[in-house]
Protein chains: 2
Amino acid sequence: MAIPRAAKTQRRTRIQEEKEEIILEAALDVFSMHGFKGATIDQIAEVAGMSKPNLLYYFRTKEAMHRALIDRVLDTWLDPLREFDAEGNPEVEIKSYIRRKLEMSRDFPRESRLFANEILRGAPSIVEELDDLRKLVDEKAEVIRAWVKAGKIGRCDPYHLIFSIWATTQHYADFDVQVKAVLGPARSGDGRFEDAARFLEQLYMSGLQVRP
Amino acid sequence: MAIPRAAKTQRRTRIQEEKEEIILEAALDVFSMHGFKGATIDQIAEVAGMSKPNLLYYFRTKEAMHRALIDRVLDTWLDPLREFDAEGNPEVEIKSYIRRKLEMSRDFPRESRLFANEILRGAPSIVEELDDLRKLVDEKAEVIRAWVKAGKIGRCDPYHLIFSIWATTQHYADFDVQVKAVLGPARSGDGRFEDAARFLEQLYMSGLQVRP
DNA sequence: GGATAATTTGACCGGTTGGTAAACATTACA
DNA sequence: TGTAATGTTTACCAACCGGTCAAATTATCC
């Protein structure tokens, strides 16, 4: 009798870990491109190189696959913001936050698009996580506000500062097709991330300076 | 014998215009939320308050509905960028561009999400339009470059400047759910657009100043 | 008012999709 | 090596979905 893995708490065999890895990798491909409803289990199965019932042996429903993917990715996705350090130099902190977020857009564009799809749909499956996000942002907004009060950076709304950094950096993952189309083939190499980093650092370093 | 409207070039009856309007309005609701594949004709029909075959009487396929919607919206979507005036004052031009884009996010969030969905999916249905976009952006990038050369604004990459304005302003439409979740119910009124406008204007006005 | 064209709908069809049943294959372990 | 648990696949189902058809209803025009 085959018992689906969800019935047991502990990870079992080597083969389970491997196959779940392969499946989630394939699922990330398909979900990030087509969204939850647009993705089909058959598609994911084909990318994963196994049969559809085999997928459903590891994840009992399409929903469960999507869920597992989101849970796994969400955690690492907010790491850059967590590293935001109140004790650090504001300029250095903001600059490296931008860098890190841009690197994530470059190295993990599918993860970014997975979230973008989810948020576009009204975030039906991550309502609780949004609450955690709010707490984290509140915390970091307080850090920024303290910097402003200490006169280390110019006056600004910390929430909209964070939004703007999210938007500008994730843009290069979520709207990749558009960015490439506008830049043309000649400028669509990985160099665009360096150009973006340069531009954004200048914008934020000048834009957040203490004004007379 | 009923002849589908696509067979005739000229708009016919008052009732046709009205019904097509209702259908596209409903389709915008559904497509912008669920994407092309995620949307169903039945859903749109329900929102539009008519039967599915009746929808298909006005638009012969789901594809045709989506197409009509995109064509209609795309044109007005780029209007703010077209108004970008080479003769104008750079600070005023950039500031009012940001304003206009923010207003569009506030007043037409579904249109923004419709495009976001399309781009996320690799823009399968707007490849030609992307070419027009590239030309328009090239043109405006030249304007910005001229401003830089004339010493009217600080040195910056004009393309990434435009990307950053798109990203920051559309963020409030596309990631609305996230923005509201982070700001909390108290700050999620329409006032957030005013706060965003203030923040972004400050950021870009300071960030683009000519540096010593 | 009646003929004709335009509009609307219920019933239906073939293909797709998420998910299941059960037989078959492989692995882990005594 | 035997056997029980684990893993894999073929065949299949019911629901859904895009789209068609023909009949019914309504608007238009003389």
Side-chain angles (χ1 to χ4, degrees), chain A residues 1-27 29-31 33-69 121 124-125, chain B residues 1-27 29-31 33-69 121 124-125:
Chain A
M1 161 106 54
I3 298 175
R5 78 148 240 297
K8 300 274 187 170
T9 51
Q10 205 181 355
R11 179 94 327 141
R12 312 294 283 296
T13 66
R14 168 189 51 86
I15 200 166
Q16 275 193 359
E17 291 209 30
E18 284 176 8
K19 288 300 170 69
E20 288 182 6
E21 193 61 33
I22 292 173
I23 291 171
L24 288 181
E25 169 70 21
D29 251 38
V30 179
F31 279 131
M33 176 89 80
H34 302 288
F36 181 74
K37 279 206 70 176
T40 71
I41 301 183
D42 293 272
Q43 256 178 307
I44 298 171
E46 196 188 326
V47 174
M50 51 181 104
S51 67
K52 176 169 65 170
N54 203 6
L55 252 73
L56 291 164
Y57 171 73
Y58 291 102
F59 298 93
R60 284 194 290 220
T61 64
K62 183 181 168 185
E63 176 75 37
M65 286 183 36
H66 190 251
R67 183 82 235 162
L69 204 50
R121 238 133 284 243
S125 72
Chain B
M1 163 97 57
I3 296 175
R5 76 147 242 296
K8 300 272 186 172
T9 51
Q10 204 179 359
R11 180 95 326 142
R12 313 291 283 295
T13 66
R14 166 190 53 84
I15 199 165
Q16 275 192 359
E17 292 210 31
E18 283 176 7
K19 288 302 171 71
E20 289 182 7
E21 193 61 33
I22 290 172
I23 292 170
L24 288 181
E25 170 68 21
D29 250 37
V30 179
F31 279 131
M33 176 90 80
H34 301 288
F36 181 74
K37 279 205 69 179
T40 71
I41 301 182
D42 293 272
Q43 255 179 306
I44 299 171
E46 196 188 325
V47 174
M50 51 181 103
S51 67
K52 178 168 64 170
N54 202 7
L55 252 73
L56 291 164
Y57 171 73
Y58 291 102
F59 298 92
R60 282 194 292 219
T61 64
K62 181 180 166 184
E63 176 76 37
M65 287 184 35
H66 190 250
R67 183 82 235 160
L69 205 50
R121 239 134 285 240
S125 73

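Proteins get letters first, then strands, A, B, ... in listed order; numbering begins at 1 in each.
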Once you round it to whole Å, what is the distance between [atom2] of [N] and [atom1] of [X]?
| X | N | atom1 | atom2 | value |
| --- | --- | --- | --- | --- |
| Leu56(B) | dC17(D) | CG | P | 14 Å |
| Lys62(A) | dT20(C) | NZ | C1' | 17 Å |
| Ile23(A) | dT8(D) | CD1 | C1' | 12 Å |
| Ile44(A) | dT17(C) | CD1 | P | 12 Å |
| Phe31(A) | dG18(C) | CZ | C1' | 12 Å |
| Ile41(A) | dT8(D) | CD1 | C1' | 16 Å |
| Asp42(B) | dT16(C) | CG | P | 18 Å |
| His34(B) | dC17(D) | NE2 | C1' | 15 Å |

TODO: Please identify each residue that fulfils side chain to side chain contact (heavy atoms under 4.5 Å, CB included) with Met33(A), with sequence neighbours left out.
DONE: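 Met33(A) satisfies side chain to side chain contact (heavy atoms under 4.5 Å, CB included) with no residue once adjacent residues are dropped.
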
Task: Residues in side chain to side chain contact (heavy atoms under 4.5 Å, CB included) contact with Ala48(A), at least two apart in sequence or another chain - done: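 Here the qualifying residues are Ile22(A), Ala26(A), Met50(A), Leu55(A).
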
Strictly under 3.5 Å: I want the nitrogen or oxygen pairs between protein and nucleotides 24-26 of chain C, one per line.
none

Is [X] close enough to [N] that one of its side-chain N or O atoms is under 4.0 Å from OP1 or OP2 there?
| X | N | value |
| --- | --- | --- |
| Gln16(A) | dG7(D) | yes |
| Lys37(A) | dT17(C) | no |
| Tyr57(B) | dT7(C) | yes |

TODO: Flag the pair Tyr57(B) / Lys19(B) as yes when at least one side-chain heavy-atom distance between them is below 4.5 Å, and no otherwise.
DONE: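 No. Closest side-chain heavy atoms not under 4.5 Å.
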
Task: Test item: Phe59(B) and Glu20(B) side chains (from C-beta on) under 4.5 Å apart, heavy atoms - done: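 Yes, their side chains come closer than 4.5 Å.
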
[X]: salt bridge (charged side-chain N to carboxylate O under 4.0 Å, His left out) partners, not counting sequence neighbours:
| X | value |
| --- | --- |
| Glu63(A) | none |
| Glu21(B) | Arg72(B) |
| Glu46(B) | none |

- [ ] Select base, sugar-phosphate, or nothing to describe what Ala64(B) touches, counting heavy atoms under 4.0 Å on all strands.
- [x]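 Ala64(B): no heavy atom of the nucleic acid under 4.0 Å.
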
TODO: Just call it for Ala39(A): base, sugar-phosphate, or nothing, with non-hydrogen atoms closer than 4.0 Å on any strand.
DONE: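 Result for Ala39(A) = sugar-phosphate.
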
- [ ] Check DNA chain D against residues 46-55 of chain A and give the residues with a non-hydrogen atom under 4.0 Å, in numerical order.
- [x]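 Contacts with DNA chain D under 4.0 Å: Ser51(A), Pro53(A), Asn54(A).
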
Open item on the list: Looking at every heavy atom in both Leu69(A) and Leu24(A), which two are closest together, and how far apart are they?
Closed with: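 Reported closest heavy-atom pair: CD1-O, 3.5 Å.
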
Open item on the list: Among residues at least two apart in sequence or on other chains, which ones pass side chain to side chain donor-acceptor pair (under 3.5 Å) with Ser125(B)?
Closed with: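 For Ser125(B) the side chain to side chain donor-acceptor pair (under 3.5 Å) partners, ignoring immediate neighbours, are Glu118(B).
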
Task: Given dT20(C), dT7(C), dG7(D), the nucleotide with the shortest approach to the side chain of Lys19(B) - done: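 In terms of side-chain proximity for Lys19(B), the closest of dT20(C), dT7(C), dG7(D) is dT7(C).
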
Task: Tyr58(B) side-chain proximity, nearest of dG19(D), dG18(C), dT7(C) - done: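 Ranking dG19(D), dG18(C), dT7(C) by closest atom to the Tyr58(B) side chain puts dT7(C) first.
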
Validation: residues 36-45 of chain A side-chain donor-acceptor distances under 3.5 Å, sequence neighbours left out:
{"residue": "Lys37(A)", "atom": "NZ", "partner": "Gly38(B)", "partner atom": "O", "Å": "3.4"}
{"residue": "Thr40(A)", "atom": "OG1", "partner": "Gln43(A)", "partner atom": "N", "Å": "3.1"}
{"residue": "Thr40(A)", "atom": "OG1", "partner": "Gln43(A)", "partner atom": "OE1", "Å": "3.4"}
{"residue": "Gln43(A)", "atom": "OE1", "partner": "Thr40(A)", "partner atom": "N", "Å": "3.2"}
{"residue": "Gln43(A)", "atom": "NE2", "partner": "His34(A)", "partner atom": "NE2", "Å": "3.3"}

